[in-house]
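The next block holds one structure in the form of structure tokens; read it before the comments.
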There are 2 protein chains.
Amino acid sequence: MKCMYCGCEDSKVMDSRATIETNAIRRRRECLKCGKRWTTYETVENTPILVIKKNGSIQPFNKNKIISGLIKACEKRPVSLTQIEDIANDIEKELRDSLTQEIRSIKIGDMVMERLKQYDEVSYIRFASVYRQFKDVSSFIDFLSDFNEN
Amino acid sequence: MKCMYCGCEDSKVMDSRATIETNAIRRRRECLKCGKRWTTYETVENTPILVIKKNGSIQPFNKNKIISGLIKACEKRPVSLTQIEDIANDIEKELRDSLTQEIRSIKIGDMVMERLKQYDEVSYIRFASVYRQFKDVSSFIDFLSDFNEN
DNA sequence: CAACGAGGCACAATATATTGTATAATAGGG
DNA sequence: CCCTATTATACAATATATTGTGCCTCGTTG
């Protein structure tokens, strides 16, 4: 592996240990040229999560779409960015764990609502009212999906 | 490494190749028990970037703080989420490449302004005007830092 | 539709990583 | 401030990964 300091092409492993969950391997590497050391992690490939929108088109899942929607819904409300990130991370984790190939955008909309309700009723209601113009709540996530192309 | 399918503790490497940039190693693994295969990547550890706020306190850099600030500044403006992400990613990359230990929040504020100006003058001006109440532009990033604790 | 690039698969010879054991340093929690 | 968890470091014996070559498939592109 290339040295992250001098750019030298070769490095050797000084130590390698499994992490607690054994889901990753931590290695301590040393550059063969400059002798500097650094740490690497070997982790399972993050296969993109694909989302099927209501019109049938497919888009890669984008956590920031959820975050941006929640930021607007929670403006001036006691929901911190950290909590918003938690919600989005939690949803991503659940989607990855589900192992389902087909994830429908309607499902993601439901997951956002379900979690937001637990954090702040007002944001939840605002969330619903802001997007009242949509036929149903699930359309919201399609709106988020479209945000990319505006 | 643990099998991502059956949870078995052991797997072996079938194939390992350096990626184009030699910044990572891609391995093809096979579970010794269930025989299923998957791909892993060994990459350099993402060491947290630490930001020194104006009052001297230190916080980990959080890309989402930049994104959330830009989302508000670019509402109803022709700046897409993708472009906002590009700005934030570009800043993170520059910070990582700088190898500077000390990154002051004022610097990040400047970097955001500099890039936003290139994307959309109106958002840039709004950005400046919204935060006019602060003594100077650089205080904005401290505001973002505080968003976590609101 | 042909060309191309990327990824998956296989094999064999060689070089290198892994693992246990042990000590020290550091950061976070109580 | 101490206890604990995590990471860094070292060493030695053993097991395993790496690398070149070649072929196939799939998706993208001109």
Side-chain angles (χ1 to χ4, degrees), chain A residues 1-53 56-61 80 82 85-86 89 96 99 101-103 148-149, chain B residues 1-53 56-62 82 96 99 101-103 145 148-149:
Chain A
M1 178 181 283
K2 185 186 269 182
C3 170
M4 63 178 292
Y5 299 105
C6 74
C8 164
E9 290 297 317
D10 262 328
S11 59
K12 67 176 178 183
V13 175
M14 304 302 297
D15 194 49
S16 83
R17 306 285 153 176
T19 57
I20 305 172
E21 300 287 332
T22 341
N23 291 325
I25 296 174
R26 182 181 66 243
R27 294 186 177 82
R28 193 79 185 137
R29 289 186 169 270
E30 182 177 291
C31 175
L32 297 180
K33 204 169 174 182
C34 70
K36 284 198 180 117
R37 294 183 173 189
W38 70 96
T39 304
T40 66
Y41 284 89
E42 180 182 346
T43 52
V44 173
E45 174 190 36
N46 261 4
T47 48
I49 299 174
L50 297 179
V51 178
I52 303 169
K53 292 173 60 182
S57 72
I58 294 178
Q59 285 207 346
F61 171 77
S80 70
T82 306
E85 288 169 334
D86 286 346
N89 287 333
R96 287 201 183 282
L99 289 181
Q101 293 296 349
E102 293 197 346
I103 293 161
N148 250 348
E149 292 88 41
Chain B
M1 177 182 285
K2 186 187 268 182
C3 171
M4 63 177 294
Y5 299 104
C6 74
C8 164
E9 290 296 319
D10 262 327
S11 59
K12 66 175 178 183
V13 175
M14 304 302 299
D15 194 47
S16 83
R17 306 284 153 176
T19 57
I20 305 173
E21 299 288 332
T22 340
N23 291 326
I25 297 174
R26 183 181 66 243
R27 293 186 179 84
R28 193 77 185 140
R29 288 184 171 271
E30 182 178 292
C31 174
L32 297 180
K33 206 171 177 182
C34 70
K36 284 199 181 119
R37 295 183 171 190
W38 68 96
T39 304
T40 65
Y41 284 89
E42 179 182 346
T43 53
V44 174
E45 172 189 40
N46 261 4
T47 49
I49 300 173
L50 296 180
V51 178
I52 303 169
K53 291 173 60 182
S57 71
I58 294 178
Q59 285 209 343
F61 171 76
N62 184 340
T82 306
R96 287 202 184 281
L99 288 179
Q101 293 295 349
E102 294 197 346
I103 294 163
S145 298
N148 249 348
E149 291 89 45

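Just so it is clear: chains get the letters A, B, ... in the order the sequence lines come, proteins before strands, and each one is counted from 1.
- In the region residues 30-37 of chain A, proximity to DNA chain C at under 4.0 angstrom, judged on heavy atoms, holds for none of the residues.
- S16(A) contributes no side-chain N or O that, together with a main-chain N or O of R27(A), makes up a donor-acceptor pair within less than 3.5 Å.
- Under the rule for a salt bridge (Lys or Arg N to Asp or Glu O under 4.0 Å), the partners of R29(A) that lie at least two apart in sequence or sit in another chain are E42(B).
- Applying the side-chain contact (heavy atoms from CB on, under 4.5 Å) criterion to D10(A), with sequence neighbours excluded, gives L32(A).
- Considering only residues two or more places apart in sequence or on other chains, R28(B) meets the side chain to side chain donor-acceptor pair (under 3.5 Å) condition with T39(B).
- Taking the side chain as every heavy atom from C-beta outward, M1(A) and W38(A) approach each other to under 4.5 Å.
- If you find the closest nucleotide of DNA chain D to T39(A) and to M14(B), the one lying nearer the 5' end belongs to T39(A).
- Residues Y41(B) and Y41(A) form no side-chain contact, since every pair of their non-hydrogen atoms from C-beta on lies 4.5 Å or further apart.
- Counting only heavy atoms from C-beta outward, the side chains of C3(B) and C34(B) approach each other to under 4.5 Å.
- Of the residues near DNA chain C, R26(B) and V13(A), the one whose nearest nucleotide (by heavy atom distance) lies more toward the 5' end is R26(B).
- A 4.0 Å heavy-atom criterion places the boundary nucleotides of DNA chain C facing chain A at dA17(C) to dT21(C), written 5' to 3'.
- The distance from the OG1 atom of T43(A) to the CD1 atom of I25(A) is 10.0 Å, given to the nearest 0.5 Å.
- Contact of the K36(B) side chain with the E30(B) side chain is not registered, since no non-hydrogen atoms from C-beta on lie closer than 4.5 Å.
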Using a 4.0 Å heavy-atom cut-off, write out nucleotides 20-26 of chain D from 5' to 3' as B (base contacted by protein), S (sugar-phosphate only) or - (no contact).
BB-----

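- Between atom NZ of residue K12(A) and atom SG of residue C31(A) there is a gap of 11.0 Å, rounded to the nearest 0.5 Å.
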